Number of protein chains: 2
Amino acid sequence: MQIAPPDFDRMFGALADHTRRDIVRRAIDGREGVAELASHYPMSFAAVQKHVAILERAGLVTKRRIGRRKVVRTNVEGLRVARRLLDQYEELWRGRIDRMTELVATTPSEETDR
Amino acid sequence: MQIAPPDFDRMFGALADHTRRDIVRRAIDGREGVAELASHYPMSFAAVQKHVAILERAGLVTKRRIGRRKVVRTNVEGLRVARRLLDQYEELWRGRIDRMTELVATTPSEETDR
DNA sequence: ACATCATACAACCTTATGGTTGTACCATGC
DNA sequence: GCATGGTACAACCATAAGGTTGTATGATGT
């Protein structure tokens, strides 16, 4: 068995909901169970449980049994995977800027096509 | 008029689609119009145009008229806004780790409750 | 063993999303 | 002025997403 390749559709999809982002934030401390998380939101327990499941499938949180609760903890590595993709876009952008300035630097007046 | 506050639902929602992420990547060079972008994907022009509109409303690309085309360009600042949110989660996580190690450092054996 | 707390999951409803086709709107070149 | 290239948008369709209630499973404390 292998570790799953990052599923960016799921990752960003999971982050595209205010409630889920708030769960990610709260679960950083990794001390609340699903019911405790649910108490913060104006929706049913089942709805919050679904949100947690979505975050879990996206690799953004993990659940661990403690006593009769299941404690939800944010998976920082998952967040980093998402961040790295954004970083890659930024790198591509820098690369383009570099090529542009290089073009400007090598083109002007005499030194064309060195 | 004010600049709009970041709408993370829209931002991450826009990034939660493979085609749109690919458009973001392609539009970094900022040289293709909507029709040219559309030619890369196995779907109708209208579908791609919708994707571009979604990216635009999310603040991830801008459109600029050049001749009869409208050239699509990735808005790097938009990407940075999304990235910063992920960074904030990471900071919160570090803060928690710091508090934990501090707790471990001040608690052990004799020096309890100094 | 049993009542109970915490979680999981199925069935259902409503609205959003991603795709389609068709039509209307602007610039450009002749 | 008019054909055309490029874009925008409306109407529609199928499926996914976010919510609900209800029921089933699992671990704890007495």
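Not measured: the values here are computed from a predicted model. Proteins come first, then strands; the chains are lettered A, B, ... in the order of their sequence lines, and each starts at number 1.
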Could you give the [atom1]-to-[atom2] distance, from [X] to [N], as a whole number of Å?
| X | N | atom1 | atom2 | value |
| --- | --- | --- | --- | --- |
| His51(B) | dA16(C) | NE2 | C1' | 14 Å |
| Arg10(B) | dG18(C) | CZ | P | 13 Å |
| Arg69(A) | dA8(C) | CZ | P | 13 Å |
| Asp9(A) | dT17(C) | CG | C1' | 13 Å |
| Asp17(A) | dG18(D) | CG | C1' | 8 Å |

Please list, chain by chain and in numerical order, all residues satisfying side chain to side chain contact (heavy atoms under 4.5 Å, CB included) with Ala47(B), sequence neighbours excluded. Met43(B), Ser44(B)
Indicate every side-chain donor-acceptor pair of residues 49-58 of chain B with a distance under 3.5 Å to a residue at least two apart or in another chain.
from     : atom 1 : to       : atom 2 : distance (Å)
His51(B) : ND1    : Arg20(B) : NH1    : 3.1
Glu56(B) : OE1    : Lys63(B) : NZ     : 3.1

Give me the residues of residues 28-49 of chain B where at least one heavy atom lies under 4.0 Å from an atom of DNA chain D, by number, or none. Gly33(B), Val34(B), Ala35(B), Phe45(B), Ala46(B), Gln49(B)
Please name all residues satisfying salt bridge (Lys or Arg N to Asp or Glu O under 4.0 Å) with Asp17(A), sequence neighbours left out, ordered by chain then number. none
Could you work out, with salt bridge (Lys or Arg N to Asp or Glu O under 4.0 Å) as the rule, every residue matching Arg31(A), not counting sequence neighbours? none
If an axis is fit to five pairs at each end of the helix from dA1(C)-dT30(D) to dC30(C)-dG1(D), what is the angle between the two, to the nearest 10°? 20°
Please list all pairs meeting side chain to side chain donor-acceptor pair (under 3.5 Å) that have one or both residues in residues 64-73 of chain B, counting only residues at least two apart or in different chains. Glu36(B)-Arg69(B)
Under a single-linkage rule joining Ile, Leu, Val, Met, Phe, Trp and Tyr whose side-chain heavy atoms are separated by less than 4.5 Å, which residues share a cluster with Ile66(B)? Val71(B)
Identify, with sequence neighbours excluded, every residue that meets side chain to side chain donor-acceptor pair (under 3.5 Å) alongside His18(A). none
How long is the gap from [atom1] on [X] to [atom2] on [Y], to the nearest 0.5 Å?
| X | Y | atom1 | atom2 | value |
| --- | --- | --- | --- | --- |
| His40(B) | Arg26(B) | NE2 | CZ | 4.0 Å |
| Leu15(A) | Tyr89(B) | CG | OH | 7.0 Å |
| Asp29(B) | Arg99(A) | CG | CZ | 5.5 Å |

Is there a side-chain contact between Lys63(A) and the phosphate of dT7(C), meaning an N or O under 4.0 Å from OP1 or OP2? no
Would you check if Val81(A) and Arg84(A) make a side-chain contact, meaning some heavy-atom pair closer than 4.5 Å? yes
Within the structure provided, determine whether Leu79(A) and Leu60(A) are in side-chain contact (heavy-atom separation under 4.5 Å). yes
Heavy-atom protein contacts under 4.0 Å, nucleotides 12-17 of chain D, coded B base, S sugar-phosphate only, - none: ------
What one-letter contact string describes nucleotides 24-30 of chain D from 5' to 3', where B marks a base within less than 4.0 Å of any protein heavy atom, S marks contact via sugar-phosphate atoms alone, and - marks no contact? ---SBS-
How would you list all residue pairs meeting salt bridge (charged side-chain N to carboxylate O under 4.0 Å, His left out) that involve residues 86-96 of chain B, not counting sequence neighbours? Arg80(A)-Glu90(B), Arg83(A)-Asp87(B), Arg83(B)-Asp87(B), Glu90(B)-Arg94(B)
